[in-house]
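Below is one structure, written out as structure tokens, with a few remarks after it.
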Amino acid sequence: MGRVRIVLTVLAVTAVLAGGLAGCGDSKHDERLKKAAGITAFRIRCTQDLWNRTGGHKASWGDNYRDPVKARVIERHGETITLEMTGPHLVDLLNKLHHMDGPGASDPLARRMYEAIAPQIDAVQATPAQGAPVPEVVIDDTVGTAPASPTASSPAGASASPSTSNK
């Protein structure tokens with residue numbers, strides 16, 4: 001019985017250590033934090049609700065990740081906002097998201113936000129070209145999709161064809 005308990009304990013500890021965001025081991029996360037720390041400005045475009053529930057809220061748990069992440073709203077379009085933050089605040093956001101969806105927690109909103117931001121940070125070069133644009137992430141899964149319902153000029157029951165124009 002003692003061996004079984006030891007094996008189960010080892011498996012549980014291994015699962016906790018290997019847990020966290022999908023495809024994001026701690027060394028990869030640490031690498032991203034180092035890169036993010038050096039970014040002058042970073043933008044995220046998402047819904048106000050997604051921001052409020054991930055980075056913009058005051059959590060009721062964990063002293064280190066409790067406070068909202070500092071970011072400036074630079075643009076609003078209906079329910080969509082564009083935020084701008086510095087590298088150190090981006091580090092705060094990444095840590096908060098990592099904590100919200102790490103071992104012992106599972107938050108699909110935090111995972112979605114982290115997985116949208118991570119590739120942009122991974123692509124950042126240590127010495128960006130002069131005048132390089134501010135890295136920006138757009139979290140909007142409806143961008144570029146065809147309308148789901150018939151248009152006003154379509155006969156009832158007929159579906160609209162997807163637009164092929166490149167506007």
Side-chain angles (χ1 to χ4, degrees), residues 15-148 162-167:
V16 167
L17 292 175
L21 293 163
C24 182
D26 282 337
S27 65
K28 189 68 173 169
H29 176 70
D30 290 343
E31 225 175 274
R32 285 190 182 114
L33 295 180
K34 279 193 240 174
K35 271 189 163 183
I39 294 174
T40 305
F42 192 86
R43 293 184 183 148
I44 300 171
R45 189 172 359 149
C46 63
T47 63
Q48 178 76 56
D49 190 42
L50 180 61
W51 175 248
N52 290 345
R53 292 175 64 186
T54 54
H57 74 291
K58 184 171 182 112
S60 59
W61 41 257
D63 292 336
N64 293 340
Y65 308 106
R66 185 177 177 145
D67 292 330
V69 174
K70 292 180 183 176
R72 186 171 57 98
V73 176
I74 60 171
E75 198 173 326
R76 289 185 186 274
H77 289 289
E79 293 296 313
T80 304
I81 59 172
T82 302
L83 303 151
E84 187 169 280
M85 64 187 67
T86 64
H89 293 138
L90 182 57
V91 168
D92 293 342
L93 177 61
L94 290 170
N95 275 326
K96 186 172 192 167
L97 296 171
H98 189 70
H99 180 75
M100 289 170 68
D101 197 48
S106 177
D107 187 326
L109 300 175
R111 178 176 296 131
R112 178 68 178 95
M113 180 75 87
Y114 190 101
E115 289 177 351
I117 295 169
Q120 281 289 346
I121 295 170
D122 293 346
V124 167
Q125 296 177 356
T127 33
Q130 188 74 8
V134 172
E136 182 175 70
V137 170
V138 177
I139 305 171
D140 184 351
D141 292 338
T142 62
V143 172
T145 59
S163 172
T164 56
S165 69
N166 291 331
K167 292 184 182 179

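Keep in mind that what you see is a predicted model, and the values were worked out from it rather than measured.
Among all heavy-atom pairs drawn from I117 and V137, the shortest one is CA-CG2, 3.9 Å. What you find for T54 and A110 is that their closest heavy atoms are CG2-N, 3.9 Å. Nearest approach of A116 to I139, heavy atoms of both residues: CB-CG1, 3.6 Å. The nearest pair of heavy atoms linking G56 to P68 is O-CB, 3.7 Å. Among all heavy-atom pairs drawn from P135 and A41, the shortest one is CD-O, 3.4 Å. Among all heavy-atom pairs drawn from D26 and H98, the shortest one is OD1-NE2, 3.2 Å.
The environment of R112 atom CZ is dense: over 12 non-hydrogen atoms of other residues, nucleotides or ligands sit within 6.0 angstrom.
For the atom pair K96 NZ and D107 CG, the distance stands at 11.0 Å (nearest 0.5 Å). L33 CG to I121 CD1: the interatomic distance, rounded to the nearest 0.5 Å, is 8.0 Å. We find the OG1-CG distance between T86 and D92 to be 8.0 Å, quoted to the nearest 0.5 Å. Once rounded to the nearest 0.5 Å, the distance linking CG of L93 with CE of M100 reads 9.5 Å.
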Requested in this report: Could you walk me through whether N95 and H29 pass the side chain to side chain contact (heavy atoms under 4.5 Å, CB included) test, one step at a time?
Outcome: CA-CA 9 Å; N95 275 326; H29 176 70; 3.0 Å; yes
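Between R45 and H77, every side-chain heavy-atom pair lies at or beyond the 4.5 Å cut-off. At least one side-chain heavy atom of M113 sits less than 4.5 Å from a side-chain heavy atom of L50. Proximity of V124 to F42: side-chain heavy atoms (C-beta onward) are nowhere separated by under 4.5 Å.
Counting only residues at least two apart or in different chains, salt bridge (charged side-chain N to carboxylate O under 4.0 Å, His left out) contacts with residues 119-134 comprise R32-D122.
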Per-pair distances, 0.1 Å, donor-acceptor, side chain in residues 78-85, under 3.5 Å, sequence neighbours excluded:
from, atom 1, to, atom 2, distance (Å)
E84, OE1, R43, NE, 2.6
E84, OE1, R43, NH2, 2.9
E84, OE2, R72, NH2, 3.2

